[in-house]
Amino acid sequence: MIITRGLIKTIGSKKILKGVDLEIAPGEFVTCFGPNGAGKSTTLKILAMLSKPSGGQVLIDGQDIRENGSTLRRKIGMISHNSFLYDNLTARENLEFYGRMYEVPDLKRRIARLLDEVGLSFATGEPVHSFSRGMQQRLSIARALVHNPPILLMDEPYTGLDEMAKGVLNAILSQLAQSKHTVFLITHDFDQGLEQSDQALILVGGRIAYTCNPRRVKREEFRRHYLELIGGVK
Amino acid sequence: MSFIRKVRSLLWKEIRSELQGKEMLSTMIVFSLLVVVVFGFAIDLNKDLMGGVLPGIIWITMTFAGILCLNRSFTAEQQNDCLYGLMLCPLDRSAIYVAKTIMNLLLMVIVEGVTIPLFFIIFNYPGPQQVGLFVIVLLLGTYCFMAVGTFLAALSSATKTGEILMPILLIPLIIPVLLSAVIVTKGSFGLVVSGADLYLKILVVYGVVFTVLPMLLFDYLLEV
């Protein structure tokens, strides 16, 4: 369970988040939409403990991230538009490194399985700098899942992916949704974002402006709400 | 134990990465050799005078080779936002600093191992009279340099002008290290130096302070 209460983030004199209240139940798939500068990535970075909040509280499974950061990080995997992969290392070496950092048991078998799942078994010994963008993103998914985290945070993971790589990512997301992983996804893509989510929210100006269950709201209606909120054309 | 295991894994990653790319070590060695050759042509002194000048030349060369190393120290973490990948891991973040410092120290020791014998050959100098003291001051001075330098490299890597900023921040801070190291090195060459023991102690204290401080502050530094 992820709960944020009155989350505030200030950088210099600029208030990025102005009190974000969020509840994500275990196994829930939440998608966050919003214009550039709305505070989506900042929210995600705070949830991932990459950035400290200026105010408010974040609880993960009832524990405050300020007090139990190191323990809670084991529960989180993150996929971003950047891969967090070392270019000079091979696919296997990257996963081996991150696996060691999370002290994953039976690491070799886990790596072989993950590489198979993301369709990169043929390139285990190749350095990451020789990978295409799609391959890097697939390996990045394997990296985020190496310690089998119950919570997955994703910041625009579809950026720069071709259709095939999008297909692989969608297949993995649907697998994660079925296996009751908690997912928080940030995207600008309505089709991809609303496809599997249990809750969709729109963040505008550092506040949650709208939430809904996308299964009960038509895509066009959601789009209209979005454009109204960001002040765009209907 | 977990801390040591994490440092070992981070160090393994650093070494594998350097072995694959071979970028840093080769650059540092080539640069140091060029400096040796340039000094070799520029300075022509007799043995007595050379003993007084050579420690300074050695430490100047090592300082600039070290700056090259430090400037590249966090490059791999900047590519693909790998620093975020590390920050996500369940570890005491000072382990990142410790592993980087050890890696930088290893690289510098290799560069010193290749370059310093060449100094003695090119300047036709018989070498230090107190080899033990020379090795101690070399390792201690290099450690102090890398301890403070690695911290500042992390700090400056987050800025756009990091490569310029890092030496500007570093050089004033390492003046006590350079002064002490040069004086103790002169002592190891058999020159009469007053207070060499004191300068050695300064290096030890500096090393301790700039190990503890960055370890305490590194987590905050990464948040900035």
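Proteins get letters first, then strands, A, B, ... in listed order; numbering begins at 1 in each.
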Any donor-acceptor pair under 3.5 Å from A:R110 side chain to A:V146 backbone: yes
For residues 47-67 of chain A, give me every residue with a non-hydrogen atom less than 4.5 Å from any non-hydrogen atom of chain B. A:A48, A:M49, A:L50, A:S51, A:K52
Proximal component of B:L83, with respect to chain A [non-hydrogen, under 4.5 Å]: neither
Nearest-0.5 Å distance, CG of residue A:L85 to CD of residue A:Q137: 8.5 Å
Would you give the length of the straight line joining atom OG of B:S32 to atom CD1 of B:I58, rounded to the nearest 0.5 angstrom? 11.5 Å
Within residues 1-32 of chain A, which residues come under 4.5 Å of chain B, heavy atom to heavy atom? none
Going by the angle between their ring planes, with limits at 30° and 60°, are A:F97 and A:Y86 parallel, tilted or perpendicular? perpendicular
Using a cut-off of under 4.5 Å on heavy-atom pairs, state which of A:H81, A:E93, A:R74 scores highest against chain B. A:E93
What distance do B:L213 atom CG and B:Y97 atom OH have between them, rounded to the nearest 0.5 Å? 9.0 Å
Salt-bridge criterion met for B:E77 and B:K13 (N-O under 4.0 Å): yes
Test side-chain contact (heavy atoms from CB on, under 4.5 Å) on B:L88 and A:Y102; report intermediate values, then the result. CA-CA 10 Å; B:L88 280 167; A:Y102 286 97; 3.8 Å; yes
How far apart are the closest heavy atoms of B:V148 and B:I174, and which atoms are they? CG1-CG2, 3.5 Å
Heavy-atom distance under 4.5 Å between the side chains of B:I60 and B:V35, does that happen here? no
Taking atom types as modelled, is there a side-chain donor on B:S94 or B:D92 under 3.5 Å from an acceptor on the other? yes
Could you look at B:R8 and say if it's the side chain, the backbone, both or neither that has a heavy atom under 4.5 Å from chain A? neither
Quick one: closest heavy-atom pair of A:I79 and A:S140, and the distance? CG2-OG, 4.2 Å
